[in-house]
Undergrad: 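Here's a structure for you.
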There are 2 protein chains.
Amino acid sequence: MDFNISNFIDIRSRKSKIGDFQDLDHIDGVAISTINAGLYQEKRDDLVLFYFRDGASHASVFTQSKIISENLKWNKKIKSNKIYGLLINTRNANALTGTDGFNALKQISVDLSKILSAKQNKDEENPKKIKPKEILFGCTGTIGEKFPLIKIQNSISDLIHKLKYTQNKLIWMKAAMGILTTDLKPKLSMSEAKIGSKNIKVYGIAKGSGMIYPNMATTLGFIFTDANLSSSILKDILKKNIKSTFNAISCDGDTSTNDMVSIFSTNKANNPIIKKSDDPKLKSFNKAVNEVLLNLAKQVAFDGEGASKFITINCKECKSDKDAKNISLSIANSLLVKTAIAGEDPNWGRIAMAVGKSNGIIDEKKLSIYIGPYKIFFKGSLYEKYDEKKVSEYMKNDSIEITVEIGMGNKSFTAYTMDLTKKYIEINADYRT
Amino acid sequence: MDFNISNFIDIRSRKSKIGDFQDLDHIDGVAISTINAGLYQEKRDDLVLFYFRDGASHASVFTQSKIISENLKWNKKIKSNKIYGLLINTRNANALTGTDGFNALKQISVDLSKILSAKQNKDEENPKKIKPKEILFGCTGTIGEKFPLIKIQNSISDLIHKLKYTQNKLIWMKAAMGILTTDLKPKLSMSEAKIGSKNIKVYGIAKGSGMIYPNMATTLGFIFTDANLSSSILKDILKKNIKSTFNAISCDGDTSTNDMVSIFSTNKANNPIIKKSDDPKLKSFNKAVNEVLLNLAKQVAFDGEGASKFITINCKECKSDKDAKNISLSIANSLLVKTAIAGEDPNWGRIAMAVGKSNGIIDEKKLSIYIGPYKIFFKGSLYEKYDEKKVSEYMKNDSIEITVEIGMGNKSFTAYTMDLTKKYIEINADYRT
C-alpha cells in the first residue's frame with residue numbers, strides 16, 4: 001500500500017460504507033506512538049505502542065491453530081489483571097522461531113517496562129512500577145525468519161519519547177497503518193454507548209489478510225474503550241461478540257499462527273460498577289462492541305487479497321447453530337462459489353453444491369436459494385419465475401448477498417467473505433517476480 | 001478440449017508418467033458404444049454405453065454430498081446382483097432437476113432395456129430379458145438444467161447399433177473422451193493381475209474436475225475387469241482401495257453432487273471361485289485395482305483446472321490414520337500452499353500453517369518439514385543446513401513432493417493435488433466472457 005497518510009485523511013465521513021474506515025478521536029487513558037524501526041526496506045511505520053498510563057483491563061481471543069507464534073505463547077501466559085503496554089510489530093510474525101523468538105520478546109518486555117516505569121516516575125503523581133508481564137505483543141509478517149530483536153530494542157526509547165496522551169484521527173490513522181502488512185487500506189471503526197448515564201467510547205483498529213514473502217494471512221484486531229469494566233467482564237463480552245464478527249469472516253479458509261483480537265478498557269468513564277456480564281446496563285455497550293468488531297471484520301473481508309466484491313452469506317432455518325455456521329462457511333470457503341461471483345455469474349448450482357458438501361442436516365426438498373432479492377431455487381425445484389437476466393444484472397454490484405433457507409429449524413448465521421480473483425493468485429503466487 | 005482423437009492416439013507408451021493415459025485393449029464381456037447425441041453445440045461424442053452381454057458383477061461408491069444427482073438416487077436403488085448396461089452422458093448433471101430428472105432416467109432405462117433385450121434375442125444362444133433396474137447411469141455437466149430426455153431417447157437405437165463386442169485402444173479412447181466435460185486430457189489406465197493361474201485384466205477410465213457454464217467439478221471413474229468375482233467382493237475391494245486413491249485427491253476442496261466410482265467384472269476369466277475378499281489369492285488383483293485407481297486419480301489431479309504442477313503430500317508419523325488424512329488434506333486444500341507452489345516459492349511457513357490449522361494432534365517441537373529431498377524445518381527449528389537456493393531450484397519441477405513428519409506415532413497418508421493458478425480463476429470466473 002501507499003503509506004502516505006494524506007491519501008486517507010479527510011476523504012471519509014464517519015458514516016462509512018462497507019469496507020470504509022471511520023475516523024477515531026481521543027480516548028482517555030490511551031497513549032499511542034508509532035515509529036519506523038526499519039523492519040521493512042521501504043519507509044513506513046512498522047512498530048506501534050499503545051501505553052495505558054493507569055493500566056487497562058483486558059481480554060483477548062487467539063488463533064485456533066495448533067501452531068502458534070511466540071508472541072501468542074507470551075500473551076497466553078499473562079495473568080495480570082491490568083496491562084500497561086501493547087507493542088505491535090509488522091514484517092516478522094515471530095512464528096516457528098523457537099526459543100530465540102520467545103526470549104526476544106522477554107528481553108523487549110524487560111526494556112520496555114523499565115523505560116515505561118521511568119516515564120511513570122516522571123509523569124505520574126503515584127508512579128507505578130511496570131512489570132514485564134504487564135505487556136502484550138502483537139506480531140504479523142514473515143514466519144520462520146529470525147525476529148529483529150536489535151532493531152526493535154534500538155527503537156524503544158524513541159517510540160516512548162513520541163507517545164501522545166491525546167489522540168486525534170491522524171494519530172489513530174498512523175497506528176492503523178503501522179500494523180498493516182500488504183493490506184490496501186487502514187481499518188478503523190468506532191461506536192458509542194451508554195453505561196448508566198455515562199457516555200462510553202468504543203474504538204477499534206485491525207489488519208487483515210495480507211501476505212508477502214514467506215508469509216501468511218494474519219488478522220489482528222484491537223478494541224479500546226474508556227468503560228470501567230473488569231477483565232473478566234471484557235472476556236465474556238469479547239467471546240460472545242467474536243462469534244458473529246471476526247469468526248464469521250473467511251478470506252481463503254486458511255488460519256494464521258498469529259491471529260489475535262483484544263479489548264482494552266481504561267476505566268476512565270466513571271460508569272456505575274458492573275459485576276456481571278449479563279447486567280442489562282451493558283446492553284448498549286455490548287451492541288457497540290459488536291458494531292465495531294463487525295465493521296472491522298467487514299473491512300478485513302472487503303480488503304481481502306485481490307477482492308473485487310464483498311459477499312454476505314445468510315444461512316437461515318437451520319436445525320442448530322452449528323449447522324448454520326457450517327453451511328454458511330462452506331459456501332464462504334467454496335472456490336467455485338467465489339470464482340463464480342468474481343465472474344459475475346449467478347451460478348446457484350455451486351451454492352447448492354456447497355450446501356450439500358457441508359456437515360449440516362439438509363434435505364434438498366426443503367432447500368431454497370436466493371441471490372440478492374431474487375428467489376432462484378425453491379424447496380427442491382427451480383423457482384418458476386426465476387429470471388436469470390435480472391440476477392445477472394444484480395451480480396454486477398460490489399456487494400453480493402446470498403441467502404439459503406434450509407427449512408430444518410430456526411437457527412441462522414451470517415458469514416462474510418470476498419470473491420476469488422486472478423489478483424489473489426498474483427499476490428500469492430507471483431509475489432516474488 | 002480438442003475432440004480430435006488423432007491428437008492422442010499413438011503418442012503414448014503403456015508405461016506412462018504421472019498424468020499420462022495408458023492404452024487399453026480388449027476385455028471379454030464388455031461392449032462399448034459412443035455417439036454424438038447433440039448434447040453439446042460442438043461436434044463431439046457425449047453419450048457412452050457400456051453393455052455387458054452376460055451381465056457384470058458390480059460395486060460403486062458415491063459422493064458424500066448430501067445433495068445428490070438424480071442418477072445417483074437411481075443407482076443407489078439398484079439391488080440387482082448383475083447389471084447389463086452403464087449409460088454415461090455429459091453436458092447435463094441431472095442434479096437439482098427433481099422428479100422430472102428422475103423420471104427421465106426411468107424412461108431411458110425402460111427404452112434401453114427393451115432394445116437390449118431385443119439384441120439379446122438376436123445375438124445370444126440363451127437370451128436374457130434385461131430389466132430397467134439392471135442399468136446404471138453416470139451423469140456429469142450442468143446442474144439445475146432440464147435433463148435432455150428426448151435427445152438421449154432419440155440416440156439410443158443408433159447407440160446400440162454401434163456397439164462393438166471387441167475393443168481396441170481406439171474404442172476405449174473414444175469412450176474416455178465421450179465422458180469428459182472440460183478436462184484437457186482423456187484418462188485411461190490399465191494393469192494386469194493373476195487370480196490363481198489365470199491372467200486378469202483391470203482397465204479403467206475417468207473424468208476429472210471440469211466445469212463449464214453453470215456447473216461443477218464431477219469425478220467419474222469406471223473400472224472394468226474380466227475377473228470372476230461377486231458384487232460383494234468387488235464392493236469390499238473398491239471400498240478398501242478408494243481411500244488411498246480417489247479419496248486422496250483434492251482439486252479445489254469442493255464436492256460434486258455427481259461423484260461416482262464403479263467397478264464391473266464380466267466374470268469371463270475362469271479364475272478359481274473366491275468366497276471372501278480377504279482371500280490371499282486376491283492379493284495381486286487388489287494391487288492391480290489399486291494401481292489403476294491411483295493412476296486415474298493422479299491423472300484427474302494432474303488435469304485439474306489450470307494445474308501447472310502435480311503435488312504429492314506425504315504425512316508421516318501421525319497418532320492416527322484420521323490425523324494423517326486430515327493433515328495431508330489440510331495442506332492439499334490450502335490456497336496459500338497451492339498458490340506458493342504455483343509461484344515456485346518454497347514457502348514452508350504456509351505448509352506449517354496448514355499443519356497447524358488441521359484437526360490432527362500436533363506439537364511444533366516434534367514437527368519436521370521437507371520439500372522434495374530437502375529438509376527445511378526439523379523438530380521445531382529451521383534446519384541448520386537448509387539452503388533456500390537449492391529448494392527454489394527444485395520448485396521448478398512439474399511434480400512437487402511435500403513431506404511432513406508429525407512425530408506423534410506411526411500412521412501415514414499420502415494426498416495428491418495440484419497448484420492453484422490464474423488459469424483456474426479464468427476457467428471458473430471468466431468462463432462466460
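The sequence lines fix the lettering, A, B, ..., with proteins before strands; numbering per chain opens at 1.
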Undergrad: Would you say Lys146(B) has more than 12 foreign heavy atoms packed within less than 6.0 Å of its NZ?
TA: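 Open: at most 12 neighbouring heavy atoms sit under 6.0 Å from NZ of Lys146(B).
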Undergrad: With a 4.5 Å cut-off on side-chain heavy atoms, are Thr97(A) and Leu382(B) touching?
TA: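 Leu382(B) vs Thr97(A): side chains apart.
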Undergrad: Between Lys357(A) and Gln64(B), is there a side-chain heavy-atom distance shorter than 4.5 Å?
TA: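 A side-chain contact is absent here, since even the closest heavy-atom pair is not under 4.5 Å.
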Undergrad: Taking the side chain as everything from C-beta on, heavy atoms only, tell me whether Ile362(A) gets closer than 4.5 Å to Ile67(B).
TA: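 Side chain of Ile362(A) against side chain of Ile67(B), heavy atoms only: contact under 4.5 Å found.
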Undergrad: Is it the case that over 12 heavy atoms from other parts of the model lie below 6.0 angstrom from the NZ atom of Lys375(B)?
TA: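 Check passes, neighbour count above 12.
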Undergrad: Quick one: pull up CD in Glu426(A) and OG1 in Thr339(B) and give me the separation to the nearest 0.5 Å.
TA: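 Answer rounded to 0.5 Å: 12.0 Å.
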Undergrad: Heavy-atom distance under 4.5 Å to chain A: side chain of Thr99(B), backbone, both or neither?
TA: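 No part of it gets close to chain A.
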Undergrad: Distance check, rounded to the nearest 0.5 Å: Thr421(A) atom OG1 versus Lys422(B) atom NZ?
TA: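 Rounded to the nearest 0.5 Å, the OG1-NZ separation comes out at 10.5 Å.
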Undergrad: With no hydrogens and no angle check, is any side-chain donor or acceptor of Lys66(B) less than 3.5 Å from a backbone partner on Ser358(A)?
TA: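 Yes.
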Undergrad: Quick one: what part of Ile68(A) sits under 4.5 Å from any heavy atom of chain B, side chain, backbone, both or neither?
TA: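 For Ile68(A), backbone heavy atoms alone lie under 4.5 Å from chain B.
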Undergrad: Does any non-hydrogen side-chain atom of Lys73(A) lie less than 4.5 Å from one of Glu364(B)?
TA: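 They are in side-chain contact.
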Undergrad: Is it true that, when you exclude Lys316(A) itself, more than 12 heavy atoms of the residues, nucleotides or ligands shown sit nearer than 6.0 Å to its NZ?
TA: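 Atom NZ in Lys316(A) is not packed in, count stays at 12 or less.
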Undergrad: Supply the atom-to-atom distance Ile369(A) CD1 to Leu96(B) CG, rounded to the nearest 0.5 angstrom.
TA: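 One gets 7.0 Å once the value is rounded to the nearest 0.5 Å.
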Undergrad: To the nearest 0.5 Å, tell me how far Asn333(A) CG sits from Asn333(B) CG.
TA: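 One finds 10.5 Å between CG of Asn333(A) and CG of Asn333(B).
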Undergrad: How about NZ on Lys379(A), more than 12 heavy atoms from neighbouring residues, nucleotides or ligands closer than 6.0 Å, or not?
TA: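 It does: Lys379(A) NZ has more than 12 such atoms within range.
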Undergrad: For Lys77(B), what residues pass the salt bridge (Lys or Arg N to Asp or Glu O under 4.0 Å) criterion, not counting sequence neighbours?
TA: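 Lys77(B) satisfies salt bridge (Lys or Arg N to Asp or Glu O under 4.0 Å) with no other residue.
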Undergrad: Can you tell me how far apart CG (Leu420(A)) and OH (Tyr424(B)) are? Round to the nearest 0.5 Å.
TA: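 Between Leu420(A) CG and Tyr424(B) OH, I get 7.5 Å after rounding to 0.5 Å.
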Undergrad: How would you list, by chain and number, every residue that makes a ring-ring contact (aromatic ring centres under 6.0 Å, His included) with Tyr374(B), sequence neighbours excluded?
TA: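 For Tyr374(B) there are no ring-ring contact (aromatic ring centres under 6.0 Å, His included) partners, ignoring immediate neighbours.
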